[in-house]
Undergrad: 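First the structure, then my questions, so here it is.
When reading the values below, keep in mind they use all heavy atoms of this one structure, side chains included, and skip hydrogens, waters and symmetry mates. Nothing here was measured: the structure is a model prediction, and the numbers come from that model.
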Amino acid sequence: MLRSLTPFALAAIVAAMPATADQAEILDPAIRAQAVALMESGLQDDVGLEFTESLTTEIGPRLAGSDAEWRARQWAMIKLKDLNFQQAYIEDFNIPFWQRVTETASVVGPNPQALVVTALGGSQATPKGGLEAEIVRFTSLADLQAAPMDSLAGKIAFIDERMVRSQDGSGYGAAVAKRGGCADAAAAIGAVACLIRSVGTDDHRMPHTGGMKRDGASGALPAAALSPPDADQLARLLERGPVTVNLDIQVKTSTSAASGNVIAEVEGNSRKDEIVLIGCHLDSWDLGTGAIDDAAGCGIVVAAANLIQQLPLKPKRTIRVVLYGSEEVGLFGGRAYATAHGDELDKHVLAAESDFGAGRIWRLESGVGEGALDYVAAMQSVVAPLGIIPADNNSRGGPDIMVLSASGVPVLAPGQDGTDYFDLHHTPDDTFDKIDPAAFRQNVAAYAALTYMAAQTDWDFRKAAAPESEDQ
């Protein structure tokens, strides 16, 4: 992978890699040349980093439905207008609200000591002063689900399952199941609370939070995540004999709180009713400042669209930037957008979302009609000098645009290197200093080029037929 590509090196590489005859027929040379120029600009861009730094510094954590998320929406509107986006507006919706108030855990008895935990989103509260119960360890959610009825009566379930580190984050799907399933499975067999080893790949004494339910609903029990070293400590104590833990979680809830999506547009010209959507999510969990999840994604897509809107001639199709609200607690922003724009989803020609940190993009996945694969391959050939390789056509897109994909909207998925993403994800350590500026700018360069190539073409990403022409 190219670790330090300068604009001049990029231009030289692209010049040395002329398009094949087939690619020249598929991708108009003028579109290709402009995409390369956008890549060069992206590698020098500071708008995205400044946007991300400002959001994480001036607003900080942005829990869905909180006053901070409201301030983030107002802040975003000011920033987008300062960048001269032609349209910037907020689409409001409401969500159920959950917020941690206090959370503590400690081993009581002959080996008394504090444990570092964080409540999971949707956790029930314990009685004031906490509850005390014996710990029962399970190696997986399936292990817990197979336990005999009433075998956990009055006890606390502890799922001690590690997450596998991977570049593409594929270990997350298996590991996160315990976060959503532990409380319900434990309650079904009589438990009074649930603890899990954090869903993460680090070994720091920082627990990872996260929601228990995709729809924002509360779990059946008080539930918390242990930091990895504390999970190890608890397992070692259990090897020595029975362990009792005091768990005290207090929460604040409401049936309805305000949230919203912030939307900006670069209006197209000859095909302005057709939309290329690039998105991120504006909210974050409350432990860190939400830098990699997902202020970085917002900075990337805003910067990419900003580079395109500065061109002398706007692209054919409209580029719509969506900063989704309330992703973390249930994908509410994605669903609200799909509902609000249901009558124009057939005009959404392509969608992409940046929500996997700020690591370098290393592959280009897609979820398009088979007839559009040649055009996607031509797009990939343009960004290949950035170290981006082709991938499969099985993507459903990022979290917020999955509902669009399910409705038939084609998606593009620039895949970031997530090798260390789950070291930081949903922890107090998710802060701006963790972002590598060079990797961030590589993302901006790729998103600017890919978005432009999608917006300037006549290609139909849904259907099998190629366009009749590529009139400029």
Undergrad: Who are the salt bridge (Lys or Arg N to Asp or Glu O under 4.0 Å) partners of Arg71, not counting sequence neighbours?
TA: none
Undergrad: Out of curiosity, Thr126 OG1 to Asp248 CG, how far, rounded to the nearest 0.5 Å?
TA: 4.0 Å
Undergrad: Do the side chain of Ser407 and the main chain of Val403 share a donor and acceptor less than 3.5 angstrom apart?
TA: yes
Undergrad: List the steps and the verdict of side-chain hydrogen bond (donor to acceptor under 3.5 Å, both in side chains) for Ser140 and Glu161.
TA: CA-CA 6 Å; Ser140 66; Glu161 177 188 41; 5.3 Å; no
Undergrad: Are Phe422 and Asp202 packed together at the side-chain level, in the sense that at least one heavy-atom pair is separated by less than 4.5 angstrom?
TA: no
Undergrad: Salt bridge between Asp283 and Arg73, side-chain N to carboxylate O under 4.0 Å?
TA: no
Undergrad: Mind checking whether Met379 and Leu27 have side chains closer than 4.5 Å, heavy atoms only?
TA: no
Undergrad: For Ala295, give me all partners under side chain to side chain contact (heavy atoms under 4.5 Å, CB included), at least two apart in sequence or on another chain.
TA: Thr52, Leu55, Thr56, Arg62
Undergrad: Are Leu247 and Leu195 side-chain neighbours, meaning at least one heavy-atom pair lies under 4.5 Å?
TA: yes
Undergrad: If the condition is side chain to side chain contact (heavy atoms under 4.5 Å, CB included), which residues does Asn94 pass it with, not counting sequence neighbours?
TA: Ser256
Undergrad: Quick test of your reading of the model: are Asp420 and Arg165 salt-bridged, counting only N-O distances below 4.0 Å?
TA: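 Salt bridge flag = no for Arg165 with Asp420.
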Undergrad: Can you check whether Ala119's main-chain N or O pairs, donor with acceptor, with Ser123's side chain at less than 3.5 Å?
TA: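 Side chain of Ser123 to backbone of Ala119: no pair is present.
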Undergrad: Sequence neighbours excluded, which residues qualify as side chain to side chain contact (heavy atoms under 4.5 Å, CB included) partners of Gln124?
TA: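 With sequence neighbours excluded, Gln124 shows a side chain to side chain contact (heavy atoms under 4.5 Å, CB included) to Ser218, Pro222, given in chain and number order.
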Undergrad: Could you go through the side-chain contact (heavy atoms from CB on, under 4.5 Å) check for His281 and Leu323 one step at a time?
TA: CA-CA 5 Å; His281 68 84; Leu323 282 56; over 6 Å; no
Undergrad: Any side-chain donor paired with an acceptor under 3.5 Å for Thr427 and Asp429?
TA: no
Undergrad: Whether the side chain of Arg441 engages the backbone of Asp45 through a donor-acceptor N/O pair (distance < 3.5 Å, no angle test) should be reported.
TA: yes
Undergrad: For Arg396, does the CZ atom sit with more than 12 other heavy atoms under 6.0 Å from it, leaving out its own atoms?
TA: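 Atom CZ in Arg396 is not crowded, with 12 or fewer foreign heavy atoms closer than 6.0 Å.
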Undergrad: May I have the step-by-step check of side-chain contact (heavy atoms from CB on, under 4.5 Å) for Val266 and Arg320, ending in yes or no?
TA: CA-CA 6 Å; Val266 179; Arg320 181 172 291 173; over 6 Å; no
Undergrad: Asn393 and Glu365: side-chain hydrogen bond (donor to acceptor under 3.5 Å, both in side chains), yes or no, with the steps?
TA: CA-CA 6 Å; Asn393 191 44; Glu365 294 180 284; over 6 Å; no
Undergrad: Given side-chain contact (heavy atoms from CB on, under 4.5 Å), test Arg271 with Asp458 step by step and report yes or no.
TA: CA-CA 8 Å; Arg271 290 178 173 265; Asp458 295 318; 2.8 Å; yes
Undergrad: Does the Lys316 side chain pair with the main chain of Ala455, one donor and one acceptor, at a distance under 3.5 Å?
TA: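 It does not hold such a pair.
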Undergrad: How many angstroms lie between CE in Met212 and OG1 in Thr209, if you round to the nearest 0.5 Å?
TA: 10.0 Å
Undergrad: Using side-chain heavy atoms (C-beta onward) and a distance below 4.5 Å, is Leu345 in contact with Leu404?
TA: yes
Undergrad: Once ring pair (Phe, Tyr, Trp, His ring centres under 6.0 Å) is applied, what residue pairs with a partner in residues 49-84 remain, sequence neighbours excluded?
TA: Phe51-Trp75
Undergrad: Take atom NZ of Lys272 as the centre, draw a 6.0 Å sphere, and report whether it contains more than 12 heavy atoms from other residues, nucleotides or ligands.
TA: no
Undergrad: Look at the side chain of Ser198 and the backbone N and O of His208, then say whether any donor-acceptor pair between them is shorter than 3.5 Å.
TA: yes
Undergrad: Does one side chain, of Asp293 or His426, offer a donor that lies under 3.5 Å from an acceptor on the other?
TA: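 Note: Asp293 and His426 side chains meet the donor-acceptor criterion.
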Undergrad: Could you check whether any side-chain N or O of Ser66 sits under 3.5 Å from a backbone N or O of Ala68, counting only pairs where one atom can act as donor and the other as acceptor?
TA: yes
Undergrad: Can you see whether Ser259 engages Glu69 through a side-chain donor-acceptor pair at a distance of less than 3.5 angstrom?
TA: yes
Undergrad: Restricting to pairs with a member in residues 223-233, which pass side-chain hydrogen bond (donor to acceptor under 3.5 Å, both in side chains), not counting sequence neighbours?
TA: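 Every side-chain hydrogen bond (donor to acceptor under 3.5 Å, both in side chains) pair that includes a residue of residues 223-233, provided the two are not neighbours, is Gln113-Gln233, Arg162-Asp232, Arg197-Asp232, Arg205-Asp230, Ser227-Asp230, Gln233-Arg236.
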Undergrad: Mind checking salt bridge (Lys or Arg N to Asp or Glu O under 4.0 Å) for Asp273 and listing every partner two or more places apart, or none if nothing turns up?
TA: Lys347
Undergrad: What about the rings of His425 and Tyr172, do their centers lie closer together than 6.0 Å?
TA: yes
Undergrad: Measuring from atom CD of Gln34 to atom CG of Leu38, what distance do you get when rounded to the nearest 0.5 angstrom?
TA: 5.0 Å
Undergrad: With a 6.0 Å cut-off on the ring centroids, do Phe93 and Phe332 count as close?
TA: no
Undergrad: Is there a donor-acceptor contact under 3.5 Å from the side chain of Glu327 to the main chain of Ala64?
TA: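 Flag not set: sc Glu327 to bb Ala64 has no pair under 3.5 Å.
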Undergrad: Is there a side-chain contact between Arg100 and Ile249 in this structure, where contact means two heavy atoms from C-beta onward sitting under 4.5 Å apart?
TA: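 SC-SC contact between Arg100 and Ile249 ruled out.
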Undergrad: Do you see a donor-acceptor pair shorter than 3.5 Å between the side chains of Glu267 and Thr318?
TA: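 Per modelled atom types, Glu267 and Thr318 side chains form no pair under 3.5 Å.
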Undergrad: With sequence neighbours left out, what residues match Glu353 under salt bridge (Lys or Arg N to Asp or Glu O under 4.0 Å)?
TA: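 In terms of salt bridge (Lys or Arg N to Asp or Glu O under 4.0 Å), with neighbours along the sequence ignored, Glu353 is linked to no residue.
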Undergrad: Between OH of Tyr452 and CG of Leu307, what distance do you get to the nearest 0.5 Å?
TA: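 Separation between the atoms: 13.0 Å.
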Undergrad: Roughly how far apart are Ile319 CD1 and Glu265 CD, rounded to 0.5 Å?
TA: 10.5 Å
Undergrad: Go through the structure and list residues passing ring-ring contact (aromatic ring centres under 6.0 Å, His included) with His348, not counting sequence neighbours.
TA: Tyr337
Undergrad: Test of understanding: with ring-ring contact (aromatic ring centres under 6.0 Å, His included), list the residues that count as partners of Phe158, not counting sequence neighbours.
TA: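 Checked Phe158 against ring-ring contact (aromatic ring centres under 6.0 Å, His included); zero matches.
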Undergrad: Mind checking what makes salt bridge (Lys or Arg N to Asp or Glu O under 4.0 Å) contact with Asp392, not counting sequence neighbours?
TA: none
Undergrad: Checking Ser270 against Arg317: is there a side-chain donor and acceptor pair closer than 3.5 Å?
TA: no
Undergrad: Quick check: does any side chain N or O of Asn443 sit under 3.5 Å from a backbone N or O of Ala439, one acting as donor and the other as acceptor?
TA: yes
Undergrad: For Ala449, what residues pass the side chain to side chain contact (heavy atoms under 4.5 Å, CB included) criterion, not counting sequence neighbours?
TA: Ala35, Met39, Val383, Met453
Undergrad: Where the side chain of Glu91 meets the backbone of Ala340, is there a donor-acceptor pair that is under 3.5 Å apart?
TA: no
Undergrad: Heavy-atom distance under 4.5 Å between the side chains of Pro414 and Tyr447, does that happen here?
TA: yes
Undergrad: How long is the span from the CG atom in Asp430 to the OH atom in Tyr421, to the nearest 0.5 Å?
TA: 7.5 Å
Undergrad: Any donor and acceptor pair, going by atom type alone, linking the side chain of Asn261 with main-chain N or O of Gly333 inside 3.5 Å?
TA: yes
Undergrad: Could you walk me through whether Trp362 and Ile389 satisfy the side-chain contact (heavy atoms from CB on, under 4.5 Å) test, starting with their C-alpha distance in whole Å, then the side-chain angles of each, then the deciding distance to 0.1 Å, before giving a yes or no?
TA: CA-CA 6 Å; Trp362 66 282; Ile389 64 174; 4.0 Å; yes
